Amino acid sequence: MDKEYKAGEIERRWQKFWEEIKLFKAPEKPKNKYYVLEMFPYPSGRDLHMGHLKNYAIGDAVARIKMMEGYEVLHPMGWDSFGLPAENAAIQWGIHPREWTYNNIEGFREQLKKLGLSYDWDREFATSDPEYYKWTQKLFLILYKRGLAYRKGAWVNWCPNCKTVLANEQVVEGKCERCKTPVEKKKLTQWFFKITEYADRLLKDLEKLRGHWPEHVIKQQENWIGKSEGTEIVFKVGDLPIRVFTTRADTVFGVTFISVAPDSEITDEILKFVSDDHRENVLRYINESLVKSPEERQKGKTGVFTGLYAEHPFTKEKIPVFVADYVLGEYGTGAVMGVPAHDQRDFEFAQTYKLPIKVVVFPEKNEGEGFEEFLKCMFEETDSERFSLEYKGKRYIFQPKRAYELKGILKDSGEFTGLKSDEAIKRIGQKLKEMGLGGPAVAYRIRDWLVSRQRYWGAPIPIIHCPRCGEVPDENLPVLLPHTENFLPKGRSPLEDVPEFINTKCPRCGADAKRDPDTMDTFVDSSWYFLRFTDPKNDKEIFDKERANAWMPVDQYIGGAEHATKHLIYARFITKVLYDEGILKYDEPFTNLFTQGLVLKKFWWSPVHLKSFPNPEDVEYRDGKPYLKADGTPLEERLEMMSKSRGNVVPLGPFVDEYGADAARVAILFAAPPDMDFEWTDATATAAIRFLNKIWRVFYGFYQSGVRAENEPDLNDRDFVITINEIVAGIRKDYEKFKFNTAIAKLMEAINAVENAKITEKTKGWFINVFVRLLAPVSPHLAEELFHKFDMDKLLGKETVFKTPLPEPLPGLIREEVEIGVQINGKFRGTLKIPINSDEEYVLEIVKNNERLSRYLTGEIKKVIYVPGKIVNIITGL
RNA sequence: GCCGGGGUGGCGGAAUGGCAGACGCGGCGGAUUCAAAAUCCGCUGGGCUUUAACGCCCGUGCGGGUUCAAGUCCCGCCCCCGGCACCA
């Protein structure tokens, strides 16, 4: 055994060994399976950094723990390799997206291998491999045949910078999530997946995940799906029904106008009835509002009168119909009833267009919080025209200031007058149903998933458009992505300009036909990859049913929380579709989800040099404030996720070369609880490096004095053995809950405890046996090295530490003496060492006879609370 | 605005309602060394006090409460982070 800890040499040796013994090779059909998966990476460059490592370090620790628990573990790795950055990089470097992508994959793979992660590399694939995307296309056809993939003309989100459409999930605060360009609306014919048809199941089945997924992810999905129970109400313009959706049917008697969204289907219908003197205005308004940015849209409530009136279902009044762009075309029915008295948005609209305000809901009592709120809404000092209303026998003159949105008691509402809001909502719903003018209804916030992209680097959509037969699915898969140098985004699919691709024959009638020119959203690729890992080489079908069902569902999924309403919802959706298709036995893909925190790193930003970020060596501090050395520009210190574009990455390669993969992993895992963000600093690494060196030093000492692993400790070293026993129990618990930071802290305690312990060689041998196995999940190479150096392979009859179980605490070893806290009248006054089984009387005697404690015992003892092993609290009468 | 998660030493962070600050980083003092690095040992929340020790007081964002006992539970605030947001 070397005196020095030579991480590089050790790590290379055991990586080779693990490969030779095929330690990570997962069987085809397991009996006692555990499927652990990290969200697979997008190969964004050649080099990994510390930010990447966190995900893999956690996954690897879990995989190794499960191996040691005797499971057959599936722990695969692959590449989410289609996507825009490849094209953007290609443009920047003048290199083809394919070349750039596969070059990056090589770099990532090489670096991951150097980390000695427990992947079954035989299952590796990239989503841009034809052997994979063939089956992504098959998946598309499965959805198509089930009526879940459809093409429609719709107003869609368009990123003018990326020159492609975006799914709703990829628009964040009205901007493209990738390039932050404000998103525009465009009317285009696009492919959608009907995820809305699964909205209710996606919502309900969140119950199955509760307790197994982080609550914040479940809540985010709930909000994203956004189920609202309400009422649909029909207002008729002649024979044309305008259906509106509302959650507040109780305010229906307060309706003074109807608004429809410029981009809704009902608006197209309404237009047919608009008279010529209104038509021009209305069309102009619609066209203007559709090109407005979301910010502009939100500035004020605008609209245009259509000249049409709709009939109120109850009062038969004529209600004016407006087109207004504060109404969302894709939500509910695309039309709303305007109740200015009870909805703030309608109120603002009514103010602008001088529409009447009818108050129909009042607070239940004319006092208290509801009434206060009511007064705040309804009364304003004003000289202008006033409203007057009677309330609880009194007449009030008022000018409403804002809408009263709380529920209450109905007034002036025909047969529903006097009902409470909730009861009224029910009764009005029933009545409307009887009348054939609506009824109870449900609306969802979630929209259908727009999957087509006008981009080159993706899986072609396997549909042929035939002038005679229309849409024809192309079963002749894969539809290969053609090679072209003409891949730049241009606002329509680059594939359109590849004649040998786009021109084809109709598979049904043989006529000249064209292929669909779009490629699929990369989230389609990643919505099923976890299934392909169960049978990655299959060239006959998407995957073998039996193999998939043998491994699925993923027992532990690990990844970033940013996918809560994207990948994680798409993957659940696709899994349910395949369940309905009858090829999966499970309708939830991920039994347990763990979302790891980010690795942050400080960097500097200057408002002057917008997009370039200075290197640390170019920054100087004066009076504690950072400045750019070169020209003295004041800088701003920021703490964000590592990313190449911010220049705040800590590259993994050099670190591993200098200190080893184990040090990098221990550093990441020890720094903070794994689900929490933390800042990478030099101190993060220092702790890990010292810890591993200390282990080596202590074990080197053992080795020199001839100590080898033992099965049993010397029970004369009782105190030491008990200490280690407690650490064993603690670490087992920590590993169960992924609390790697405290587990490593306990490993440190163990090594500190043994360092100067006066114990026999036998006990040392037992310590080695226990410690090495506890260490293995977080520092696998070092553990494997020590396992062999100290002959644990011979002792335990296993070729690798990962085929041995995690140690268990020795039974029947309990401390004879414990230290308990002593409180007198609830205040801590000291501690006492007493035999473990002491009863209350005995403890009381000890306290009374203890000079230090007894002086607080003034007056008679009234009550004693004794929690054995923990604390005694003595209450005295003054 | 709505939903979720947080606020603990100089710093990262520990604490099934039971001795707050585990473990580490940093700092201070010492040992080793020709010297340095590395390593090891001791101290390290704040304050008070010549009875300088087995002492006292204060201390987990703020204000109340429950309890023998609260960082932990309850009520009301403040602040920070994340998500959604004209969703009717």
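Lettering follows sequence order; numbering is per chain, from 1. Model, not experiment: these values are computed from the prediction.
One cannot find a donor-acceptor pair under 3.5 Å joining the base of B/C84 and the side-chain atoms of A/Asn223. Between the base of B/U16 and the side chain of A/Lys733 there is no donor-acceptor pair shorter than 3.5 Å. At a cut-off of 3.5 angstrom, counting only N and O atoms as typed in the model, there is a donor on one side and an acceptor on the other between the side-chain of A/Gln823 and the base of B/G18.
Look at B/U67: it lacks any Watson-Crick or wobble partner with both distances under 3.5 angstrom. Summarising the base pairing, B/C40 is matched to B/G30 through a Watson-Crick or G-U wobble pair whose two defining distances lie under 3.5 Å. Across every strand in view, B/C2 sits in a pair with B/G83 that passes the Watson-Crick or G-U test at under 3.5 angstrom.
In this structure, A/Lys219 does not reach the B/C2 phosphate: none of its side-chain N or O atoms is under 4.0 Å from OP1 or OP2. For the pair A/Thr742 and B/C23, the criterion of a side-chain N or O lying under 4.0 Å from OP1 or OP2 is not met. Phosphate contact (OP1/OP2 of B/C11, side-chain N/O of A/Lys602, threshold under 4.0 Å): absent.
Toward the 5′ end of RNA chain B lies the nearest nucleotide of A/Ala683, the other residue of the pair A/Ala335 and A/Ala683 mapping further downstream.
Rounded to an integer number of Å, the gap from A/Ile865 CD1 to B/A69 P is 8 Å.
Checked against B/C84, B/A14, B/G24, the side chain of A/Pro673 finds its nearest nucleotide in B/A14. Of the candidates B/G12, B/A88, B/A15, the closest approach to any side-chain atom of A/Phe670 belongs to B/G12.
Listed for the A/Asp448 side chain is a donor-acceptor partner under 3.5 Å among the backbone atoms of A/Thr196.
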